[in-house]
S.K.: 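Pasting a structure here, questions to come.
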2 protein chains.
Amino acid sequence: MRPYLRSGEVAERAGVNPQTLRYYERRGLIAEPRRSPGGHRAYPPETVALLNVIKAAQRLGFTLDEVADLIDTGRRGRSTPDLRARAVAKIAEVDARIADLTTVRGALDQVIRAGCDSLTDCTCPDCPLPQADLT
Amino acid sequence: MRPYLRSGEVAERAGVNPQTLRYYERRGLIAEPRRSPGGHRAYPPETVALLNVIKAAQRLGFTLDEVADLIDTGRRGRSTPDLRARAVAKIAEVDARIADLTTVRGALDQVIRAGCDSLTDCTCPDCPLPQADLT
DNA sequence: TTGCATCCGGTACCCGGGTACAGGCTTACC
DNA sequence: GGTAAGCCTGTACCCGGGTACCGGATGCAA
């Protein structure tokens, strides 16, 4: 007989929009909760913690699908190496993204240093715009 | 009496989907071209070059709205400092994004090194997951 | 002149992560 | 037992950058 929470309470405690709860339910991130006799959702308190976990994972760059998968994998088979492996793969993604942005940064820098004055009719010598990067 | 091009030809030369031409027209990136008597678009050949400029600007990280603005500003008043200023601002955006990603990378690294084994029930000591970043 | 490729306008859909609104029901408190 | 806050479902919309599909009209070549 735990103190079940209503959706608004869960949302507020987790710092999340109430609509987001239903959205996560649809996406399979949180389980369908019990219902009150009138049909209102009654959440166990752990849900708040789960939402915090989801937010933490999002901040780590995981998509909602990936988070759903991680939660799911953790729940069944407890396949230990999975989180590790996914974190390693995610680091590679992040590194690739950083490399892209670094290239872009360099190209912007060139544009500035060459003194480009127009996208369409730049008059600067050796204008870098036509090549502009390779992202 | 220049050799006007049909939309499919422009699209092919610029390496772009034909639908994208109409989309860019709607977005104000390319001007509405002349029409044939039957209503088909007849593009001047410069359009291909313009599309390449647009692609270059996109690779520099500018949004289509920003590109439209840059082209427009270049066409009228020839306000020289504008491209420079926008490139400087864009570098700041890129740097901020890189900083974010670097933070995320660090957090992922911590998760791996701490040996976290589950999003929801990690058993590692000093588990970094609850804090996980501040992006 | 006929046949096929292409183009037309309009509309709908895709990705990801939600948010908003409408119209009706339940719950909580006095 | 009244009233207001909160919840329900279903649906539509937002961002950015396009892509796809439809039925009908054109363009061009043989």
Side-chain angles (χ1 to χ4, degrees), chain A residues 3-30 32-43 47 50-71 90 93-94 97 100 104 135, chain B residues 3-30 32-43 47 50-71 90 93-94 97 100 104 135:
Chain A
Y4 285 93
L5 304 170
R6 294 187 294 157
S7 58
E9 289 173 321
V10 172
E12 194 183 354
R13 293 195 195 185
V16 150
N17 188 308
Q19 314 271 44
T20 304
L21 288 184
R22 298 204 297 124
Y23 177 64
Y24 283 178
E25 195 178 315
R26 277 209 304 286
R27 295 283 305 252
L29 285 151
I30 60 184
E32 292 190 30
R34 279 168 28 102
R35 297 293 185 124
S36 78
H40 287 197
R41 288 173 179 78
Y43 292 95
T47 306
L50 180 54
L51 287 169
N52 285 324
V53 164
I54 292 170
K55 290 199 288 183
Q58 278 189 295
R59 283 193 297 265
L60 289 174
F62 292 104
T63 67
L64 288 186
D65 275 350
E66 288 168 336
V67 177
D69 233 46
L70 282 171
I71 292 173
K90 187 57 71 179
E93 278 177 41
V94 169
R97 185 79 190 112
D100 280 357
V104 166
T135 313
Chain B
Y4 284 94
L5 304 170
R6 293 190 295 158
S7 59
E9 289 173 320
V10 172
E12 194 183 353
R13 294 195 194 185
V16 149
N17 188 307
Q19 315 270 43
T20 304
L21 288 184
R22 298 204 295 125
Y23 178 64
Y24 282 180
E25 196 178 314
R26 277 209 303 286
R27 295 284 305 252
L29 285 152
I30 61 184
E32 292 189 30
R34 278 168 29 102
R35 298 293 185 123
S36 78
H40 287 199
R41 288 172 178 79
Y43 291 96
T47 306
L50 180 54
L51 286 169
N52 285 325
V53 165
I54 292 170
K55 289 199 289 182
Q58 277 189 296
R59 284 194 296 267
L60 289 174
F62 291 104
T63 67
L64 289 186
D65 275 351
E66 289 169 335
V67 178
D69 232 48
L70 282 171
I71 291 174
K90 188 57 72 178
E93 277 178 42
V94 169
R97 186 77 190 113
D100 280 357
V104 166
T135 311

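In the text below, chain A, chain B and the rest are named by the order of the sequence lines, each starting its count at 1.
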S.K.: Quick check: closest heavy atoms across A:V10 and A:L5, and the distance to 0.1 Å?
M.R.: CG2-CB, 3.7 Å
S.K.: Below 4.5 Å, heavy atoms only, C-beta onward: do A:N52 and A:K55 meet side chain to side chain?
M.R.: yes
S.K.: Can you measure from CG (A:D100) to CZ (B:R59) and round to the nearest 0.5 angstrom?
M.R.: 12.5 Å
S.K.: With rounding to the nearest 0.5 angstrom, report the CG to CG distance, A:L70 to A:L29.
M.R.: 10.5 Å
S.K.: Set out, in order, the CA-CA distance, both residues' side-chain angles and the distance that settles side chain to side chain contact (heavy atoms under 4.5 Å, CB included) for B:Y23 and B:R27, then state yes or no.
M.R.: CA-CA 6 Å; B:Y23 178 64; B:R27 295 284 305 252; 2.8 Å; yes
S.K.: If you find the nucleotide of DNA chain C closest to A:H40 and the one closest to A:T63, which residue's nucleotide is nearer the 5' end?
M.R.: A:T63
S.K.: OP1, OP2 of D:dC8 versus side-chain N and O of A:S7: anything below 4.0 Å?
M.R.: yes
S.K.: Please give, in whole Å, the distance from D:dC7 P to A:Y4 OH?
M.R.: 18 Å
S.K.: Quick one: how far along DNA chain C does chain A reach, first to last nucleotide 5' to 3', anything under 4.0 Å to a heavy atom?
M.R.: C:dG17 to C:dT27
S.K.: Between B:D65 and B:P37, which is nearer to the 5' end of DNA chain D once each is assigned its nearest nucleotide?
M.R.: B:D65
S.K.: What's the shortest heavy-atom distance between A:N17 and A:A11, and which atoms?
M.R.: C-CB, 4.1 Å
S.K.: Which heavy atom of A:V104 sits nearest a heavy atom of B:L60, and at what distance?
M.R.: CG1-O, 3.4 Å
S.K.: Which whole-number value in Å describes the distance from A:Y23 OH to D:dA12 P?
M.R.: 17 Å
S.K.: Return the residues of residues 12-22 of chain A meeting this criterion: a heavy atom under 4.0 Å from some atom of DNA chain C. Order them by number, or give none.
M.R.: A:N17, A:Q19, A:T20
S.K.: For the side chain of B:K90 and the backbone of B:G61, is there at least one donor-acceptor N/O pair under 3.5 Å apart?
M.R.: yes
